[in-house]
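Written out below as structure tokens is the structure these notes cover.
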Amino acid sequence: MALDTVPAAIEEQEEIDEEEWEPRLDAPAHHPSAPLDELFEISTTVDPGYIISLIRKLLPTNASDNHTSHGVDACVDSKVAGNDHVEESSASLYGDEVLNSSNNTSESMNIVQDYDKNARTEGENEESCHGFNLPSNSVGEEAWEEYGCILWDLAASKTNAELMVENLVLEVLLANLLVSQSVRVKEISLGIIGNLACHEVPLKHVVSTNGLVEILVDQLFLDDTQCLCEACRLLTLGLQSCEPIPWAEALQSEHILCRILWIAENTLNLQLIEKSVGLLLAIIEGQLEVVHVLLPPLMKLSLPSILINLLTFEMGKLTSERIPERYSVLDVVLRAIEALSALDGHSHEICSNKELFILACDMVKLTDKVEVANSCVTVAVLIANILSDATDLASEISQDLPFLQGLLDIFPFASDDLEAQSALWNIIARLLLHVRENEMSQSSLSQYVSVLASKSDLIEDILLDYQLDDCSDKDKGMTTSCTKSNAKTTAIRRLISILDQWIVSKDSAEENNMAGELHPDNVSVNRLLDCCRKSSKCNDASCFMD
């Protein structure tokens, strides 16, 4: 996270740096020393001793504001091996277990002990490490918040994060989560651990710290919005890691899963909706072991219905008032539904829901898609999944011209998404297969062709792009390009047939002096027909050569 003001601790460090800085006497006269501010700007490392001092300042002593007789004992060794610029010192703190300075590895540490023993007072002597004053364990909440926020920021760096876990920051934060009654302290603790979890080695430390994962899961039962956001973010990172099983096992209790669903369904906070649904998405898209452990109970707890209800609400907001802050929520909800629709054994409730299908089609028919482009791409994949499972729905929308037009409008947004491109072609092919151009009235056929003619430039660009892609695939030795282009080939052939039929009907109408009823532009139609024929021949030749 970013701080709005420079913390006092950083200002103190800047003053120390300025006092200790001396210009280089041996520097050539034509190479003057850089100004102090420039020297500070180009510094890219943080003194390990400073980080360790911040960890010390987070050591808790009192569990609550009513001064119960419980405190926390901890010890953190101040030596950082392998850093020549850090002076070695020993910490005269209470406790029996410290960092093993000989190999710079972390031993187990007793964080929560009998709180009556060895409780410290704020006036206890402080130690210094490389010019930094190490405060007593007890600091006010405002000071704790300031130091914690600095560590939160620093934990975004892999180097800093690894240094922190080597110096027992997880044990210190675990102690705070156990004894602190402050939701702000809990939020910052979760935020720091969340940033640590973004890095492989610190994440392994999180998993291996006894009891920590379970305590992190327990934070889902807090009533503070920001704490819940950080808890959901952290658990999502755990499930997306290379070792997700401990996280899945910690979440598998029914009352925990109920709590996650309750948060997603009932919160009004946009960030928390996004984070909680993101956690559900991580489960749906997780490794097979995660899906096997967590998804069946979630399905029994009405996960599909909850996601569809959330989509219904977001679509209502989207069509009545455009609120940019809600776009990310709409996107993650659609991604969760789409991911669920692609899972064998779990897709039926999604694909058989008519209300969901109507909502998805309404999304495609939006006239202004730029602001929600990612969601439109996702919904195209969702519709393709639904149509593959419920094939009868294709006939119901085959005459929906705004829907066809909306599908074509999504193509530019899917230029870098092969899955979405394939989904769009699949949908269009299914629709056009239900068009009976020979049986359509002249006016109906003209309306259909008018939509295609109005998008002729776009369709030509799409076909040209795919011809280039096919050639690129062939140059790379890909042998499955013919299979992948089956839907596209079917769609192109159907377009040719529809356009040909319209030309025949047009000639017949002209002979009967009925040309005034025809609306499509002849030039656009002929150009589009020519482009489709060339693309069809190219695809046939490519498949034959493959």
Side-chain angles (χ1 to χ4, degrees), residues 1 45-46 48 51-52 54-56 58-59 74-83 97-112 148 151-178 186 188-220 230-252 256 275 278-279 281-283 285-294:
M1 63 171 288
T45 59
V46 179
I51 293 177
I52 295 171
L54 291 174
I55 296 174
R56 290 175 179 276
L58 301 190
L59 290 168
C75 73
V76 180
D77 182 45
S78 61
K79 178 180 178 183
V80 181
N83 291 278
E97 298 171 7
V98 299
L99 255 174
N100 187 335
S101 59
S102 62
N103 55 13
N104 197 32
T105 58
S106 174
E107 303 270 332
S108 60
M109 181 174 96
N110 293 327
I111 287 292
V112 182
L151 280 177
W152 193 343
D153 286 338
L154 293 176
S157 163
K158 177 182 177 182
T159 302
N160 295 337
E162 292 180 355
L163 176 65
M164 290 180 193
V165 296
E166 289 171 359
N167 286 277
L168 307 179
V169 71
L170 291 174
E171 288 80 355
V172 172
L173 295 174
L174 174 59
N176 281 285
L177 290 173
L178 287 172
K186 291 180 181 292
I188 294 172
S189 298
L190 291 168
I192 296 172
I193 299 173
N195 277 2
L196 294 173
C198 294
H199 312 289
E200 182 179 359
V201 173
L203 181 57
K204 290 182 179 180
H205 280 267
V206 173
V207 174
S208 63
T209 300
N210 187 32
L212 179 55
V213 173
E214 289 73 20
I215 293 298
L216 296 176
V217 171
D218 287 343
Q219 308 312 303
L220 290 171
E230 292 304 324
C232 289
R233 167 182 173 251
L234 177 51
L235 295 172
T236 299
L237 288 169
L239 290 172
Q240 292 173 337
S241 69
C242 57
E243 297 181 8
I245 304 304
W247 302 90
E249 292 176 345
L251 288 167
Q252 65 182 338
I256 294 174
K275 297 298 183 183
L279 175 55
L281 176 61
I283 294 172
E285 292 184 334
Q287 296 182 14
L288 289 177
E289 295 87 347
V290 173
V291 173
H292 178 73
V293 170
L294 298 180

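- With contacts defined as side-chain heavy-atom distances shorter than 4.5 Å, the pair Thr236/Lys275 does not qualify.
- In this structure, the separation between NZ on Lys204 and CG on Leu196 is 15.5 Å, given to the nearest 0.5 Å.
- Counting heavy atoms from C-beta on, the side chains of Glu289 and Pro244 never come closer than 4.5 Å.
- Nearest heavy-atom pair, Val293 versus Ala248, reported as atom, atom and distance to 0.1 Å: CG1-O, 4.1 Å.
- The environment of Glu214 atom CD is dense: over 12 non-hydrogen atoms of other residues, nucleotides or ligands sit within 6.0 angstrom.
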Next on the checklist: Pair Leu59, Asn176 - check side chain to side chain contact (heavy atoms under 4.5 Å, CB included), show working.
Outcome noted: CA-CA 8 Å; Leu59 290 168; Asn176 281 285; over 6 Å; no
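- At a threshold of 4.5 Å between non-hydrogen side-chain atoms, the residues Asn195 and Pro202 do not count as touching.
- Taking the side chain as every heavy atom from C-beta outward, Leu212 and Leu170 approach each other to under 4.5 Å.
- The CG atom of Leu177 sits 10.0 Å away from atom CG of Asp218, with the distance rounded to the nearest 0.5 Å.
- Here the straight-line distance linking atom NZ of Lys158 with atom CG of Leu163 works out to 14.0 Å at 0.5 Å rounding.
- Counting only distance, with no hydrogens or angles, the side chain of Asn160 and the backbone of Ala155 share no donor-acceptor pair below 3.5 Å.
- We find the CG-CG distance between Leu235 and Leu279 to be 6.0 Å, quoted to the nearest 0.5 Å.
- His292 NE2 to Gln287 CD: the interatomic distance, rounded to the nearest 0.5 Å, is 14.0 Å.
- Nearest approach of Arg233 to Cys198, heavy atoms of both residues: NH2-SG, 3.9 Å.
- Closest approach of Gln252 and Leu294 over heavy atoms only: CA-CD2, 3.6 Å.
- Taking each heavy atom of Val213 and Pro246 in turn, the nearest pair found is CG1-O, 4.2 Å.
- Side-chain N or O atoms of His199 include one that pairs as donor or acceptor with a backbone N or O of Ala156 at under 3.5 Å.
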Checklist entry - Please walk me through it: do Thr159 and Val46 pass side chain to side chain contact (heavy atoms under 4.5 Å, CB included)? => result CA-CA 10 Å; Thr159 302; Val46 179; over 6 Å; no
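- Put simply, the side chain of Trp152 never gets that close to the backbone of Ile188: no donor and acceptor are under 3.5 Å apart.
- Side chains of Val290 and Trp247 form no contact here, defined as non-hydrogen atoms less than 4.5 Å apart.
- Considering all non-hydrogen atoms of both residues, Ile193 and Leu216 come closest at CD1-CD2, 3.9 Å.
- The closest donor-acceptor contact from the side chain of Ser157 to the backbone of Leu154 lies at 3.5 Å or more, if one exists at all.
- When side chains are defined from C-beta on, Val169 does not count as touching Leu54, because their heavy atoms never get closer than 4.5 Å.
- Nearest heavy-atom pair across Leu220 and Ala231 is CD2-CB, 4.2 Å.
- Looking at Arg56 and Asn167, their side chains never bring a donor and an acceptor atom within 3.5 Å of each other.
- The distance from atom CD1 of Ile192 to atom CG of Leu151, rounded to the nearest 0.5 Å, is 5.0 Å.
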